[in-house]
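Take a look at the structure set out below.
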Protein chains: 2
Amino acid sequence: MLEPDVVPCCPPLTERTLTAAEAERTAAMFKALSDPVRLRLFSAVASAPGGEACVCDISDVGVSQPTVSHHLKKLKEAGLLASERRGTWVYYRVEPSVLAGMGRLLTGPARV
Amino acid sequence: MLEPDVVPCCPPLTERTLTAAEAERTAAMFKALSDPVRLRLFSAVASAPGGEACVCDISDVGVSQPTVSHHLKKLKEAGLLASERRGTWVYYRVEPSVLAGMGRLLTGPARV
DNA sequence: CATCTATGTTGACACACATCGAACCAACGC
DNA sequence: GCGTTGGTTCGATGTGTGTCAACATAGATG
């Protein structure tokens, strides 16, 4: 059976025409991943062991460090990442349920 | 004149850090869906019977008709939609493989 | 405790791109 | 011809991106 509590936002795109409000929320999530730098940062965090990574480990994406910080902030505002300071370093980790929800938007109900 | 590849673009975001080229291609697809109007248009086409819809059936999204045309063009350029003229009307339909590919990016290997 | 250094974040600004609509154009059916 | 459907061009406005500088926090060092 499917887990019904991991549906944060909207029905699959193939189910029906989204309402304006649904489209707004869904577009905001896609927008967070619509930048190459953010995608690289996100995949770096998502693929890191333990699902979390220090900023110092992932900031080699071709832009300056403040720019990295700006992009990480956008990913955090979109609810895709969470940050935590431990001592000198700041660690980011993914929010798995949001990722699953977005996947369901595209592929329809889970086919587990 | 350019025809977008339908081959699998990139590994899942959780597998490893994307390369710059992979991130560019992936970001372009997400960007196409990062606009509320485009999402509504896309979901309208994707949910239409037969997977295709006439522009006249889906152009009620709150913006002018030229704007609808603009957004449909972007979705087409991103490889998410294909268009075909049949007599008076132009029909749009989805590219299912691209949708599945994007879902795989988010959720990992397919669970079919 | 005071100070210095390393790590990240925030603010301000320039630059580029995206978005939108008015007007115009092309294809089709009558 | 004429009306309808949909696409294109163009310009104005808005939004995003990136860098520099300044600031905040944690740890080390004397």
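Only this structure's heavy atoms are used, side chains among them; waters, hydrogens and symmetry mates stay out. Residue numbers begin at 1 in each chain, while the letters A, B, ... track the order of the sequences.
Side-chain contact check for B/Arg16 versus B/Leu13: every heavy-atom pair is 4.5 Å or farther apart. Contact annotation: the side chain of A/Cys56 approaches that of A/Trp89 to within less than 4.5 Å [non-hydrogen atoms, C-beta and beyond]. At a threshold of 4.5 Å between non-hydrogen side-chain atoms, the residues A/Met102 and A/Leu33 count as touching. With a 4.5 Å cut-off on side-chain heavy atoms, B/Pro36 and A/Glu24 count as touching.
Dashed line: the shortest gap from a side-chain N or O of A/Thr88 to OP1 or OP2 of C/dT7 is not under 4.0 Å. Of the side-chain N and O atoms in A/Tyr92, one or more sit less than 4.0 angstrom from OP1 or OP2 of C/dT9.
Judged by closest nucleotide on DNA chain D, B/Val55 is the one of B/His70 and B/Val55 placed further toward the 5' end.
A donor-acceptor pair under 3.5 Å is formed between the side chain of A/Ser34 and the backbone N or O of A/Lys31.
Following rounding to the nearest Å, A/Leu72 (CG) and D/dT17 (P) show an atom-to-atom distance of 13 Å. D/dG6 atom P lies 8 Å from atom CZ of B/Arg85, rounded to whole Å. Across the protein-nucleic acid pair, A/Glu77 atom CD and D/dT15 atom P stand 15 Å apart, rounded to whole Å. If you measure from atom CD of A/Glu24 to atom P of D/dT15, you get 12 Å, rounded to the nearest angstrom. Remark: C1' of D/dA24 and CD of A/Gln65 are 13 Å apart, rounded to the nearest angstrom. B/Asp60 has its CG atom 13 Å from the P atom of D/dG6, to the nearest Å. We find that CZ of A/Arg86 is positioned 15 Å from C1' of C/dG8, with the value rounded to whole Å. Rounding to whole angstrom units, CD1 of residue A/Ile58 and C1' of C/dG8 are separated by 12 Å.
Of the candidate nucleotides C/dG8, D/dT9, D/dG18, D/dG18 has the atom lying nearest to any side-chain atom of A/Val63. Checking D/dT8, C/dT7, C/dA12 against every side-chain atom of A/Trp89, the shortest atom distance belongs to C/dT7. Listed candidates were C/dG8, D/dG6, D/dT19. Nearest to the side chain of A/Pro66 is D/dT19.
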Where do N or O atoms of nucleotides 13-19 of chain C meet protein N or O atoms at under 3.5 Å, pair by pair?
from: C/dT19; atom 1: OP1; to: B/Arg38; atom 2: NH1; distance (Å): 3.2
from: C/dT19; atom 1: OP1; to: B/Arg38; atom 2: NH2; distance (Å): 2.9
from: C/dT19; atom 1: OP2; to: B/Arg38; atom 2: NH1; distance (Å): 3.4
from: C/dT19; atom 1: OP2; to: B/Lys74; atom 2: NZ; distance (Å): 2.5

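In this structure, B/Leu81 is a member of the same hydrophobic cluster as B/Val63, with clusters built from ILVMFWY side-chain heavy atoms closer than 4.5 Å. Cluster annotation: A/Tyr91 is not connected to A/Val55 through the hydrophobic network of ILVMFWY side chains, with a link wherever side-chain heavy atoms come within less than 4.5 Å.
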